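Structure record follows, encoded as structure tokens.
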Amino acid sequence: MENHSKFRVVARAVKHNGVAGEQFYRSSYRILDHIGEEIEAGNGTIDFIDVTSAYNEAFALGRERLREIASETIQ
């Protein structure tokens, strides 16, 4: 069994430009193993006008996915 406490979530808010030139942020996360190799990545689908909300969503999505990975391994 792998030790998921050695995995970590890297959260980012990625800036995008809309069709009309408006800026928005979308969440992005990566889950890394104990040596820094990426084991999974994901992106949010909600457009945020502020960077903090996008970052918070990215971290929450990554942590939730890490919990799912841990529960899949235990079963």
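Values below: all heavy atoms of this structure, side chains included; hydrogens, waters and symmetry mates excluded. Just so we're clear, the structure is a prediction, and the values are computed from it rather than from any experiment.
A single hydrophobic cluster is seen to contain both Phe7 and Leu61, as judged by linkage of ILVMFWY side chains at heavy-atom distances under 4.5 Å, directly or through other members. Phe24 and Val14 are members of different hydrophobic clusters when ILVMFWY side chains are connected at heavy-atom separations under 4.5 Å.
Under the 4.0 Å criterion applied to side-chain N and carboxylate O atoms, Lys6 and Asp33 are not assigned as salt-bridge partners. With respect to the salt-bridge test (charged N to carboxylate O, under 4.0 angstrom), the residues Glu40 and Arg65 qualify.
Donor-acceptor pairing under 3.5 Å is lacking for the side chains of Ser53 and Asn56.
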Q.
I'd like to know whether Gln23 forms a side-chain contact (heavy atoms from CB on, under 4.5 Å) with His16, so could you lay out the CA-CA distance, the side-chain angles of the two residues, the decisive distance to 0.1 Å, and finally the verdict.
A. CA-CA 6 Å; Gln23 290 185 349; His16 295 275; over 6 Å; no
(Q) Does Ile46 form a side-chain contact (heavy atoms from CB on, under 4.5 Å) with Glu57? I'd like the steps, not just the answer. (A) CA-CA 9 Å; Ile46 299 172; Glu57 182 194 51; 3.5 Å; yes
Q. Which is it for Ile39 and Leu32 under the side-chain contact (heavy atoms from CB on, under 4.5 Å) test, yes or no, and what are the steps along the way?
A. CA-CA 6 Å; Ile39 61 168; Leu32 307 178; over 6 Å; no
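Note: Ile69 CD1 to Ile31 CD1 = 4.0 Å, rounded to the nearest 0.5 Å. Atoms CZ and CZ, from Arg26 and Phe48 in turn, are 10.0 Å apart once rounded to the nearest 0.5 Å.
Here the closest non-hydrogen pair linking Phe59 and Ala11 is N-CB, 3.6 Å. Between Ser28 and Ala58, the shortest heavy-atom distance links the atoms O-CB, 3.3 Å. Between Val9 and Tyr29, the shortest heavy-atom contact is CG1-CB, 4.4 Å.
Within a 6.0 Å sphere centred on CZ of Arg67, heavy atoms belonging to other residues, nucleotides or ligands number more than 12.
Between the Glu22 side chain and the Ala20 main chain, a donor and an acceptor come within less than 3.5 Å of each other.
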